[in-house]
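This one's a predicted model, so the numbers in the text were calculated from it and none came from an experiment. Just so we're on the same page: letters track the sequence lines, and every chain starts at 1.
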Amino acid sequence: MANVKTNTEAQRLTFWERIYLPEIARGMGLTFKQMLQPTFTRQYPEERWEPEGSYRGRPVLVLEDGKERCVACGLCSRVCPALAIEVRAAETTDDKERYPEKFEINMLRCIYCGFCEEVCPEEAIVMSKDYELVFGSQEEGILGKEKLLVPVAQLRDRLEFLRQWK
Amino acid sequence: MDPIQLLIICAQAGMLVNLMLIAAAYMVLAERKVAAWIQGRVGPNRVGPWGLFQSFADVFKLYLKEDVVPAAADYKFHALAPIISIAVAITIYAVIPWSGPLVTIDGHSYGLAMAPQMNVAILIILAMTSVGVYGVALAGWSSNNKYSLMGGLRSAAQMISYELSMGLAVIGVVLISGSLNLVEIINSQIANGWNIMYQPVAFLIFFVTSLAETNRAPFDLPEAEPELVGGYHTEYTGMKFGLLYLAEYASMLAAGAIMATLFLGGWDMIPFVDEAALLGLAPDSIPMVVLGHITFVSKALLMVFVFIWIRWSLPRFRYDQLMNLGWKVLLPLALANIAVTGICLLLFG
Ligand code: SF4
Ligand code: SF4
């Protein structure tokens with residue numbers, strides 16, 4: 001036990017520190033000052049937070065000229081680490097020749113990694129600013145095409161961000 | 001005792017108990033607000049303006065909660081413990097001189113205080129605080145939960161150690177005032193200046209020990225959340241938990257009021273100044289009594305605020321530090337204080 005030091009704390013402190021009171025007064029002065037500082041709280045339901053373009057919220061499909069941009073290549077579904085995306089392709093007479101007949105994202109699985117957006121060759125799936133995700137049941141958490149399609153006008157910020165930084 | 005007097009006293013008691021419980025509920029709100037401000041938050045602000053009705057919402061919620069009692073708990077004692085805790089706080093409220101006499105009916109004068117003229121008030125207070133430990137210790141023991149038991153044991157040890165210094169600190173005041181009657185202690189302070197000027201050390205000791213007696217931080221070892229879950233009230237739910245919780249705040253206000261009585265001059269607004277003459281009122285006139293009451297309550301609430309403020313400033317003591325402080329620092333200090341006070345009184349008194 002010779003090399004075990006005991007009570008080093010008592011030796012380190014000065015007399016005034018050891019009688020507590022001046023230090024306690026200092027500490028309490030600090031907390032009192034803190035009381036007069038402005039608060040940081042956001043009154044959430046009334047004051048909503050508007051994210052920047054860099055924010056990765058719910059992944060959505062870009063709707064342009066009344067149609068989805070997606071060509072149903074299935075890359076997003078392939079890359080998704082959480083296996084959240086299901087795509088079923090079908091043919092169309094449009095230029096792009098293929099379109100997703102069924103496109104589902106299981107929001108209970110999605111981890112908002114943004115890989116789907118990164119891999120998409122058509123910039124057809126992007127992360128939106130939507131962070132208010134509430135589901136009443138598990139089934140509701142699986143979003144079909146009708147809920148995923150978002151007009152391109154609402155996704156300008158994100159597309160701009162992707163052009164600049166991706 | 002004639003029936004009218006009995007009726008008035010019953011009404012007085014009912015009023016005091018209700019006021020006390022409401023005050024305790026509001027102190028919970030105050031605690032949350034102050035904590036929030038210190039931490040840069042807003043605190044409860046949803047129920048009513050500035051969250052003023054939050055306390056009622058809380059108590060209402062507690063009433064609606066299921067009352068869960070552990071299967072192996074001792075039901076009778078489990079139910080008894082919160083009652084003891086709250087009863088102790090209420091009893092202390094009865095002897096605190098909240099105000100001077102306000103009205104006189106049939107030759108008996110009544111104020112907001114139940115028994116202001118009791119000549120052993122200080123002894124009652126000290127006795128009741130020692131009974132208070134039963135509430136906590138029983139709660140811990142009857143829950144049949146290791147954490148609760150630890151909390152109860154710690155509380156018992158802590159209260160016994162600190163009670164001693166608390167009693168000794170009070171003796172200094174009693175020596176100066178020459179009475180155990182709280183009203184007379186206040187009157188002697190009005191005449192000679194507040195006791196805190198003559199007994200700063202006693203005040204300090206009393207303050208620290210009442211933090212320990214009310215289980216407040218930095219001495220809140222009985223309910224140390226990180227180690228003991230919730231301490232003695234871990235196994236309590238619903239309004240039984242509510243009572244334990246309210247009792248803690250009620251005894252905080254009681255401690256504040258006792259400090260206001262013993263050390264801060266009670267109803268006296270400014271030391272060494274005769275306020276009644278200054279305002280041109282008779283000393284016992286109703287406006288003076290009301291003003292005195294407001295002064296008294298403000299002093300008590302100020303002490304409560306300091307209690308809350310301390311809780312959100314200081315970390316919890318370790319158990320051995322707590323015992324060291326109680327036995328090796330506060331007790332000798334209190335004894336020395338009595339000796340010095342006695343000698344000074346002998347020489348100059
Ligand atoms: S964000 Fe990630 S987890 Fe979510 S769907 Fe896209 S790839 Fe899958
Ligand atoms: S990667 Fe893009 S284009 Fe391919 S299926 Fe997914 S969303 Fe459609």
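In terms of non-hydrogen atom pairs under 4.5 Å with chain B, the most contact-rich of A:Lys33, A:Met35, A:Gln34, A:Gln37 is A:Met35.
A heavy-atom distance below 4.5 Å is not found between the side chains of A:Met127 and A:Glu118. No side-chain heavy atom of B:Phe305 sits under 4.5 Å from any side-chain heavy atom of B:Leu301.
Nearest approach of B:Ile205 to B:Ala169, heavy atoms of both residues: CG2-CB, 4.0 Å.
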- Item | ring-ring contact (aromatic ring centres under 6.0 Å, His included) evaluation trace for B:Phe219 with B:Tyr162 | CA-CA 11 Å; B:Phe219 305 110; B:Tyr162 278 71; 5.5 Å; yes
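Heavy-atom distances place both the backbone and the side chain of B:Ile310 under 4.5 Å from chain A. In this structure, chain B has a heavy atom under 4.5 Å from the side chain of A:Glu46, while its backbone stays farther away. Contact of B:Leu314 with chain A is made through the side chain alone, with heavy-atom distances under 4.5 Å. For A:Leu30, no part lies near chain B; criterion is any non-hydrogen pair under 4.5 Å.
Of the possible polar contacts, none joining the B:Ser251 side chain to the B:Ala89 backbone as a donor-acceptor pair under 3.5 Å is found.
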